[in-house]
Protein chains: 2
Amino acid sequence: MAASTLSEVARLAGVSLATASRVLNGSSRKPAEDIAERVREAADKLGYVPNAQAQALAKSSSGLIGLIVHDIADPYFSAIARGVQEAARQQNRMVLLASTSGAPSDEKEAVAAFAARRADSIVIAGSRSVRAEDKQGNTELAAELDRYCRNGGHVGVVGHPVVGASTTEGYHVVKVPNEELAAGLAVELAATHDGAFLIIAGPEGLYTSDDRVRGFQRGLADAGMPAAEVIRAGFNRAGGYEAGLALAERIKASKERLCIFAVNDVMAIGVTAALRPEGVWIPRDATIAGFDDIETLRDFRPALSTVHLPLEDIGRLAAGDPDTPPVSGAVKLRRSTETPVESQV
Amino acid sequence: MAASTLSEVARLAGVSLATASRVLNGSSRKPAEDIAERVREAADKLGYVPNAQAQALAKSSSGLIGLIVHDIADPYFSAIARGVQEAARQQNRMVLLASTSGAPSDEKEAVAAFAARRADSIVIAGSRSVRAEDKQGNTELAAELDRYCRNGGHVGVVGHPVVGASTTEGYHVVKVPNEELAAGLAVELAATHDGAFLIIAGPEGLYTSDDRVRGFQRGLADAGMPAAEVIRAGFNRAGGYEAGLALAERIKASKERLCIFAVNDVMAIGVTAALRPEGVWIPRDATIAGFDDIETLRDFRPALSTVHLPLEDIGRLAAGDPDTPPVSGAVKLRRSTETPVESQV
DNA sequence: TTGCAGCGGGAATGCGCTTTCCCACACGAA
DNA sequence: TTCGTGTGGGAAAGCGCATTCCCGCTGCAA
């Protein structure tokens with residue numbers, strides 16, 4: 001990647017390096033118009049593209065914003081990524097992407113890489129976890145982030161604080177009211193469903209999942225219902241599918257309709273997909289609700305009851321956009337939890 | 001973003017800058033083990049993180065790979081992004097992201113920004129277009145890419161070459177056999193459907209869409225069927241939805257089942273979503289097929305007939321991964337184009 | 001006419017690192 | 001003992017740019 005440099009431009013325009021720099025790359029001092037014009041012409045003729053690396057080095061600020069997600073192809077993350085991207089665009093920055101499949105140790109490396117690139121800020125999306133196997137990774141991640149912040153970096157985390165992070169300057173968490181919203185969902189569901197509830201959760205220790213489970217149980221309690229049984233599975237479609245398979249027989253054997261709460265939309269879809277070939281129809285034989293309100297899944301049938309989350313805004317907020325309204329979700333009851341006509345005797 | 005520098009490390013370790021560099025940042029010359037150990041300790045104590053910008057400047061190679069997509073939240077692009085990301089990871093690079101909502105002039109700016117950052121290579125996903133309003137943008141984009149390549153950059157384009165790009169060194173196109181696959185789809189559909197066909201296409205001039213339309217028509221011709229009528233709409237779900245609305249009455253009025261080919265999956269979903277409230281059922285009243293085989297839509301019901309594209313591999317290929325097999329799609333016939341039992345008299 | 005701001009351009013320094021070149025030293029052969 | 005030869009560390013020159021000084025010039029008041 002060689003390209004023409006500023007000094008070449010300066011030479012061609014017959015001015016000094018300083019002047020050329022002032023003309024081309026924005027400075028408080030504005031050279032005279034005629035000379036500026038000459039510089040611009042020279043730059044144009046040479047196809048000059050400023051070297052952002054060198055600029056960053058000289059003024060120690062890179063205009064980069066690092067984004068860490070578990071999986072960029074997951075619609076949850078890609079929606080957040082879009083928000084981050086938009087915020088970055090507004091701030092005239094570029095987004096540096098890292099997918100880590102969720103392991104804190106990978107995330108730590110990503111943070112280090114971002115720090116090496118002197119990213120102005122880092123956004124970490126994806127659920128934090130306190131699982132035992134992540135213990136060391138979490139500690140290292142926290143240390144790395146801490147160092148990054150001490151060196152003047154800004155960190156935005158979606159959902160929960162990074163485990164073990166000492167609240168440093170420049171560290172902010174975009175709170176997602178998972179618990180409250182899950183409680184709200186439970187209350188609304190309890191209003192029309194008086195059978196049993198069941199929760200299909202992610203692995204224990206995953207904050208997002210745990211919060212939603214806790215909230216849902218609290219909502220049930222508030223509504224005067226007994227606590228729901230909790231089944232653990234992977235926090236993705238496959239997990240939901242597996243849980244669905246395990247559940248099919250039970251549902252068919254039972255006489256009353258079960259109301260299932262899967263802690264995110266893709267899990268709910270997985271459950272539904274597993275149930276269908278078994279002849280268990282939603283919402284006829286069981287009802288189901290998810291969480292996130294993933295856009296790509298809106299056309300899914302039966303329409304999935306869920307909790308809407310402004311994912312794009314969340315991304316924007318994490319990226320430090322000041323104009324974005326605070327996170328506020330909303331329960332969306334749709335077909336998948338409706339009481340079918342024939343049983344509304 | 002201040003941090004400890006290499007010279008601080010060198011001083012603490014009591015060695016020269018050169019030695020410290022050789023120890024910490026990989027060089028062909030390996031200093032003695034005892035001295036290396038001292039340097040490593042010093043680096044560790046200071047929490048040294050090499051400044052990638054400075055490294056890039058010094059060795060003029062940034063380890064960056066730029067990715068340009070229309071919309072990162074679109075599952076088509078996010079799947080490609082995942083592939084690019086993985087390839088980058090393998091090559092020990094980082095991905096720089098730019099979303100452009102499809103305008104060539106935006107893409108041009110993204111290329112310039114990547115060039116400024118001295119990205120080693122650039123991947124452009126998303127359909128090329130020859131629409132009149134994109135004419136100037138295309139020209140500028142081509143010029144910018146050309147300059148980038150001449151300066152030693154590598155460019156990978158998904159699908160079609162950038163309009164007007166003179167084939168320079170370092171420019172490669174990941175061919176996607178849209179036309180052939182669409183033809184294959186048409187042939188397979190024609191085998192079981194003998195009514196009329198209709199194509200819901202994207203805007204005229206969008207290569208991807210045009211290719212698929214052309215291929216489908218050719219397939220129909222090969223199968224001895226008359227050409228299908230073509231309706232134009234937006235190349236996204238909204239476009240499909242709109243087209244679906246416009247179509248509903250017609251389908252209800254007609255006595256024979258129509259077979260609809262939407263040029264991508266999300267459009268097909270949009271069509272289906274528009275048709276459903278009108279009482280038009282797929283595949284009872286009409287059948288429909290899409291293109292892309294988007295993963296998130298696999299659980300959609302009726303299961304969507306489509307053409308599978310190895311999107312992740314495409315991303316990898318565009319990012320220059322040598323171990324990825326060439327692009328090969330496959331027709332996937334599913335429920336949405338099945339002949340329902342009751343009409344199989 | 002002299003003195004003093006004020007303005008605009010240029011030389012030079014440094015951002016943090018890689019890499020070339022040089023030099024001191026040790027070792028083996030003659 | 002002396003001369004090559006190799007080995008390993010250090011000094012220094014950039015990489016491309018921003019920015020701080022510095023300096024010459026002009027315009028104005030005294």
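Residue numbers begin at 1 in each chain, while the letters A, B, ... track the order of the sequences.
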- Item | salt_bridge(A/Asp313, A/Arg82) N-O dist < 4.0 Å | no
- Query: C/dT18 phosphate, OP1 or OP2: any side-chain N/O from B/Ser21 under 4.0 angstrom?
  - Reply: yes
- Task: Take atom CG of A/Leu24 and atom C1' of D/dA18, then tell me their distance rounded to the nearest Å.
- Result: 13 Å
- Roughly, in whole Å, what's the span from CZ in A/Arg22 to P in D/dT19? 10 Å
- Task: Would you sort out whether B/Ser129 and B/Asp134 count as a side-chain hydrogen bond (donor to acceptor under 3.5 Å, both in side chains), showing the intermediate values?
- Result: CA-CA 7 Å; B/Ser129 121; B/Asp134 290 337; 2.7 Å; yes
- Query: Contact class for A/Thr5 (heavy atom, under 4.0 Å): base, sugar-phosphate, or nothing?
  - Reply: sugar-phosphate
- Task: Taking only the side-chain nitrogens and oxygens of B/Thr19, find out if one of them lies under 4.0 Å from OP1 or OP2 of D/dG10.
- Result: yes
- B/Leu6 CG to C/dC15 C1': how many Å, rounded? 13 Å
- Task: Identify, residue by residue, the members of residues 47-55 of chain A with a heavy atom below 4.0 Å from DNA chain D, and return them in order of residue number, or none.
- Result: A/Tyr48, A/Pro50, A/Asn51, A/Ala54, A/Gln55
- Task: Output yes when B/Arg150 and B/Asp146 qualify as a salt bridge under the 4.0 Å nitrogen-oxygen rule, no when they do not.
- Result: yes
- Message: Quick test of your reading of the model: are A/Glu107 and A/Arg128 salt-bridged, counting only N-O distances below 4.0 Å?
- Response: yes
- Task: Starting at atom CD of B/Glu8, determine the distance to atom P of C/dC17, rounded to an integer number of angstrom.
- Result: 9 Å
- Item | Separation of atom CZ in A/Arg11 from atom P in C/dG9, rounded to whole Å | 20 Å
- Message: Without decimals, in angstroms, what is the distance between B/Leu17 CG and C/dC21 P?
- Response: 18 Å
- For A/Ile35 and D/dC25, what is the distance between atoms CD1 and C1' respectively, to the nearest whole Å? 14 Å
- Query: Between D/dC15 atom P and B/Arg117 atom CZ, what is the distance in whole Å?
  - Reply: 22 Å
- Item | Stepwise side-chain contact (heavy atoms from CB on, under 4.5 Å) test for B/Val174 and B/Val327 | CA-CA 8 Å; B/Val174 177; B/Val327 180; 3.7 Å; yes
- What heavy-atom pair brings A/Tyr76 and A/Val158 nearest, and what distance separates the two atoms? OH-CG1, 4.3 Å
- Query: Are the side chains of B/Ile65 and B/Ile122 in touch, meaning some heavy atoms are under 4.5 Å apart?
  - Reply: no
- With heavy atoms under 4.0 Å as the rule, sort B/Leu57 into base, sugar-phosphate or nothing. base
